[in-house]
Structures are given as structure tokens and as C-alpha cells.
> 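Starting off with a structure, shown below.
Each residue takes its place number in the sequence, starting with 1.
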Amino acid sequence: MSPTGQNLRFGTLRIDRWICAALVLLLGLLVVPNLFFDSSLDPRLANALLSLLGLAMVFRLNWFRGARSGGARSGGSPPSGLPVSLLLGLLFIGSGWNYFVNARFNYGAFVHTHDAGHYYLGSRYFDELGYFGLYEQLTRVLVRSSAVDKAPEQVRDLRSNTLRPWPEALASAAASTNRFDADRWRQFEADAEMILDDLDTKQLGLFLGDHGYNATPVWTWIAQAVAAAVPAGSTTGLLLLCLIDPILLTIALIAIGTVWGRDIALLTGSHFFVIFGATSNWIGGAFGRFPWWVLLLCGICLWARHRHFWAGCLLGLAAMLRIFPILFVVPLALKVIRGNRRGRPIARRYRVAFTGLAASICVSTIGATLALGVGAWAEFGRNMVVYLGVEPSNAVGFRQTLEAAGHVLGVIGETGTAMPKLLILGSSGLAAGLLALSASRMREVPAMAAGIALCFLIFDLGGYYYCCLPLALLVAEGGGRGKAPYFAIEAISHFAHYALNLESYVLFIFRSLLIGSVFLDSWFDRVLRQIISWVRRPE
């Protein structure tokens with residue numbers, strides 16, 4: 001064997017030992033204090049360290065491949081080292097423990113009462129509450145319950161999106177038409193008291209000052225049937241509902257492993273657990289937060305396995321649960337349009353996929369309409385008009401980043417002006433259009449992944465929708481080099497959050513810039529090359 005092959009083998013083993021030792025040490029720091037002491041490692045610091053180890057692992061994967069090919073060219077055997085799956089498994093266990101256990105140890109119980117309360121009560125009692133009655137009816141329960149001493153000064157009026165004194169909300173509830181019968185009111189009262197009792201004074205104020213229940217009628221139709229299966233007022237029942245998401249996440253990772261392999265599934269799961277802004281204190285322990293995500297991932301996995309009809313079905317249902325996932329289909333539609341303009345017939349896989357997409361949209365829409373009534377869609381529309389007028393404190397994306405830059409440069413004042421706003425919308429639309437056209441020239445799975453950038457260009461999404469990013473990790477080109485920026489951004493974000501303790505919205509803007517630079521490098525360069533080819537095209 002050549003000396004080069006020996007050096008590669010020794011170097012890989014040494015790197016593996018350092019990574020393994022760091023993972024075992026960090027896992028011990030996460031697990032032992034939780035189990036035996038009344039303390040734990042700060043989950044922000046843990047996420048930063050886990051992200052650094054993830055960064056080391058993606059470089060390790062790239063080094064291993066390069067070394068293996070080098071060994072083959074030199075006639076030697078591949079470099080030896082610890083099994084990659086062992087290291088990735090330790091990373092996965094550590095990041096999963098920090099997400100599900102360590103973070104909950106710091107932030108409270110597993111069930112995220114604030115989030116789960118909205119979606120559980122909002123779906124189970126949608127027939128009586130609709131989109132606007134949740135907080136009003138909760139005040140009726142609050143005034144008669146033991147939690148009345150925790151009543152906040154103000155409650156949000158969901159129809160006008162304004163805060164008003166809670167006695168006014170109570171008077172409004174008394175004056176409104178009560179759609180509860182006696183049995184349903186007893187059930188609602190039991191569930192409401194369960195939620196209210198679990199919130200302290202500050203949490204209750206945040207709960208009743210939030211923006212209500214905003215799920216689509218399709219999500220409501222499905223969740224209503226699931227929520228009705230547990231007894232009213234049962235904390236165990238609510239816990240079981242909140243365990244649905246981890247089960248669905250497991251299914252998604254199994255699907256990824258089936259298509260891309262076990263190691264990529266472990267790496268993707270680890271990345272999901274450490275994403276800044278989408279950690280468990282934001283959306284963990286909730287009811288039905290991730291069905292759309294799992295449907296989207298599984299749909300793309302099915303596409304990669306050439307199950308185009310079922311891929312279309314899952315993508316359509318994901319869109320009906322959260323609306324914006326339809327953007328992941330746009331590049332495929334543009335591929336069809338582009339081919340049709342050139343006189344090529346529509347490929348069978350596209351016809352089959354869009355048939356499945358249309359079928360799932362039609363079936364889910366009809367089912368939700370029959371169950372909830374046509375009025376549910378009209379009320380959903382009115383609710384969206386109100387909700388879209390809200391300026392969320394945790395919003396991320398292209399518009400927020402440009403507006404922040406405008407404020408810093410003095411282009412936009414405190415209240416903004418019409419022209420800069422119009423400029424922002426125009427530049428956002430132009431960037432989205434160019435990206436979509438560029439994506440129509442990519443391979444199909446990377447083209448669908450480009451929907452991530454479209455989402456953040458077009459919509460004002462909450463920071464927790466960064467959970468889309470593992471999809472980009474799956475299709476990142478260049479092996480470890482393509483995946484490395486995503487883990488590097490997590491490490492930077494978490495270290496900044498831990499060390500500087502800045503406001504979340506500042507870090508979200510900073511993070512949006514970092515993610516945007518990765519998108520620019522990995523996707524928008526295709527746009528530039530395409531524009532250059534158009535300019536240079538002969539007459």
C-alpha cells in the first residue's frame with residue numbers, strides 16, 4: 001500500500017476519534033444532569049455545539065469520499081475509520097435529546113400548552129367557535145374558574161385584531177349567539193379549564209393576546225375528528241395528541257432513509273432538531289404542527305421513487321393544510337409550460353402527478369365543505385385578511401430583510417413610505433419570478449426544493465417555518481461542501497443567541513441574510529447564467 005493511503009487511513013481514524021469523543025462528552029452533558037441533577041446544559045449552547053459537530057460530520061463525509069476515491073486511484077484500500085453511521089447516530093441522539101428532553105426541561109413540560117391549546121380547542125369546537133370566537137368564550141370559562149385571578153388586563157378581539165379589556169370580551173361573548181348546547185358546553189368548559197389552569201399569569205396573557213386559530217378548513221376537518229377521539233379535559237388525551245407529530249417525523253425520516261440512505265436520514269434529522277427558530281420551545285409539543293411538512297417530504301420522496309400519482313396527492317394535501325407548500329409544485333408546472341412552448345408533449349409523469357394533485361385538492365376541499373359547511377371557507381377568508389394584516393415579531397424572509405436594511409440606511413422611515421414598499425414588493429416578485437424560471441431548468445427534485453426560497457421570497461412566514469430547510473440539505477450538491485453552510489448557519493445563530501442575548505427578530509433578520517446568501521450561491525447563480533445565455537444568444 002502506498003504511503004498516501006496509510007496517511008489517509010490514519011488521518012480519517014484520528015478525525016473520527018475526536019468527533020466521537022466530542023459527541024459522547026456532549027451527550028453525557030445533556031443526559032446526566034437531566035436524569036440525576038436539578039440542572040441541564042443551556043439548550044441554546046447545546047444546539048450551537050451540536051451544529052458544530054454536524055458541520056464536522058458533513059466535512060467528514062466529504063473527506064471520506066475523497067479519500068476513498070484517492071485510495072482507489074492509488075491502488076490501496078479505502079481509508080478505515082469509525083463507521084459513519086455510528087457517528088451520525090450519536091449526533092442524531094444528542095440533537096434529538098436536546099430537542100425533546102433538554103429543551104423541555106428548561107422551558108417546561110413536553111406539551112406546549114400555548115400552541116396545543118389553540119389548535120386543540122380551535123379544531124374540536126370549530127362548529128361553535130369558528131375563527132373568531134375562541135378568546136371570547138374562554139373569558140366566559142375564565143371568569144367562573146379558579147384561574148380568574150390570573151386574568152390578563154387585555155384580550156385580543158380576533159375580528160378587528162385589537163386588544164381590549166377582558167371584561168369587554170366577556171360582554172361580547174355574552175351578547176353573541178351561543179352555538180353550544182349543554183353537553184358541548186360542558187366538554188368545552190372541561191377542556192378550557194385544563195388549558196387555563198396549565199398557564200401561569202404571564203403565559204395566560206400571551207395566550208389571550210395571540211392571534212387565534214388560523215388553520216385551514218381542511219386541517220380543521222381532519223384535526224376535529226382526531227381531537228374528538230380523546231375525552232374532554234383529559235391531560236393524557238392532550239399529551240397523546242401532541243405525540244402525533246413525533247410519530248409523523250419518524251415516518252418522514254424513514255421515508256428519507258428509504259430513498260437517500262440511512263446516513264442522510266440521520267443527518268437530516270439532526271439538522272431538523274437544531275434549526276434556529278424552529279426549536280422545540282417554538283413548536284415542539286404541539287398538536288398537528290407537522291403533517292404538512294411530513295406530507296411534503298414524503299411526496300418528494302415518492303417522486304424520487306417514481307410514484308408520481310401519490311407524490312402529487314401528498315403535495316396537494318400539504319398545500320391544503322398550509323397553503324404555501326403549493327409553491328413547491330410551481331417549478332414543475334413551469335417545466336411543463338416550458339416544454340409545451342417548445343412543442344414537446346407533456347410527459348406522462350407530469351400528467352399523472354398533476355392528476356393526483358388535483359384529486360387530493362378536490363377530495364379534501366369537498367370533505368371539509370361537507371363537514372364544516374361552505375361558510376367555513378368564507379370565514380377562513382375573512383380571518384386571513386385580518387391575520388395577514390398582522391406584522392409578526394418573528395417573521396423572516398426577503399421583505400423583512402430589505403425593510404431592515406432600508407431602516408438602517410434611512411431609506412424607509414419609521415412608518416415607511418409608499419415607494420420603498422412598492423420597490424420591496426417589486427424586487428421580491430422579480431427575484432421570485434427569476435428563481436422560478438431558473439428552477440424550471442433544474443432536475444426535478446432540486447427544482448421542488450427551490451420552493452423553499454420561493455416561500456421566503458413571497459410570504460411573510462414565521463421563523464419556525466425554517467423547518468423547511470432539511471429539504472435543501474437533502475438535495476445540496478457537492479457532498480459535504482454543499483451541506484456545510486446549513487450547519488454553519490445554525491452554529492452562528494445559536495452562538496449569537498446564547499452569547500449576545502439579542503432580540504429574536506434581530507437574529508431572525510441576521511439569519512435570513514445568512515440563509516439568503518446560501519440560496520444565492522446555490523440557486524440564483526443559475527439565474528445569472530441563464531440571463532447571460534439570453535444576452536449572448538445570437539439573433
> Any idea how Phe272 and Trp293 line up, ring-wise: parallel (<30°), tilted (30 to 60°), or perpendicular (>60°)?
tilted

> For His211 and Tyr135, run side chain to side chain donor-acceptor pair (under 3.5 Å): C-alpha distance rounded to whole Å, both residues' side-chain angles, the deciding distance at 0.1 Å, then the answer.
CA-CA 10 Å; His211 298 286; Tyr135 295 160; over 6 Å; no

> Considering only distance and modelled atom types, tabulate donor-acceptor pairs under 3.5 Å from the side chains of residues 376-385, sequence neighbours left out.
{"unit_1": "Trp377", "atom_1": "NE1", "unit_2": "Thr369", "atom_2": "OG1", "d": "2.9"}
{"unit_1": "Glu379", "atom_1": "OE2", "unit_2": "Tyr131", "atom_2": "N", "d": "2.8"}
{"unit_1": "Asn383", "atom_1": "ND2", "unit_2": "Asn214", "atom_2": "OD1", "d": "3.0"}

> What donor-acceptor contacts under 3.5 angstrom involve side-chain atoms of residues 351-364, with partners at least two apart or in another chain?
{"unit_1": "Arg351", "atom_1": "NH1", "unit_2": "Ile346", "atom_2": "O", "d": "2.6"}
{"unit_1": "Thr355", "atom_1": "OG1", "unit_2": "Arg351", "atom_2": "O", "d": "2.7"}
{"unit_1": "Ser360", "atom_1": "OG", "unit_2": "Cys313", "atom_2": "O", "d": "3.1"}
{"unit_1": "Ser360", "atom_1": "OG", "unit_2": "Gly356", "atom_2": "O", "d": "3.4"}
{"unit_1": "Ser360", "atom_1": "OG", "unit_2": "Leu357", "atom_2": "O", "d": "3.0"}
{"unit_1": "Ser364", "atom_1": "OG", "unit_2": "Ser360", "atom_2": "O", "d": "2.7"}
{"unit_1": "Ser364", "atom_1": "OG", "unit_2": "Ile361", "atom_2": "O", "d": "3.1"}

> Centroid-to-centroid, Tyr465 to Phe459, below 6.0 Å?
no

> Is the Tyr213-His118 ring centre distance short of 6.0 angstrom?
no

> Is Arg164 paired with Glu136 through a side-chain N to carboxylate O contact shorter than 4.0 Å?
yes

> List the atom pairs, donor and acceptor, that lie under 3.5 Å between side-chain atoms in residues 304-311 and the rest of the protein, sequence neighbours left out.
{"unit_1": "Arg305", "atom_1": "NH2", "unit_2": "Thr258", "atom_2": "O", "d": "2.6"}
{"unit_1": "Arg307", "atom_1": "NH1", "unit_2": "Arg305", "atom_2": "O", "d": "3.2"}

> With Val155, which of Leu163, Leu208, Leu138 fulfils side chain to side chain contact (heavy atoms under 4.5 Å, CB included)?
Leu208

> Verify the distance criterion only: is there a donor paired with an acceptor across the side chains of Asp191 and Gln187 at less than 3.5 Å?
no

> Assert yes or no for the condition that the ring centre distance of Phe328 to Trp303 is strictly below 6.0 Å.
no

> Can you confirm if the aromatic rings of Phe276 and Phe510 lie within a centre distance of less than 6.0 Å?
no

> Between Arg289 and Tyr464, is NZ or CZ placed under 6.0 angstrom from the six-membered ring centre and within 45° of the ring axis?
yes

> May I ask you to check whether over 12 heavy atoms, not counting those of Glu153, lie within 6.0 Å of atom CD?
no

> Given the ring of Tyr466, does Arg511 sit roughly above its face, with NZ or CZ under 6.0 Å from the centre of the six-membered ring and within 45° of the axis?
yes

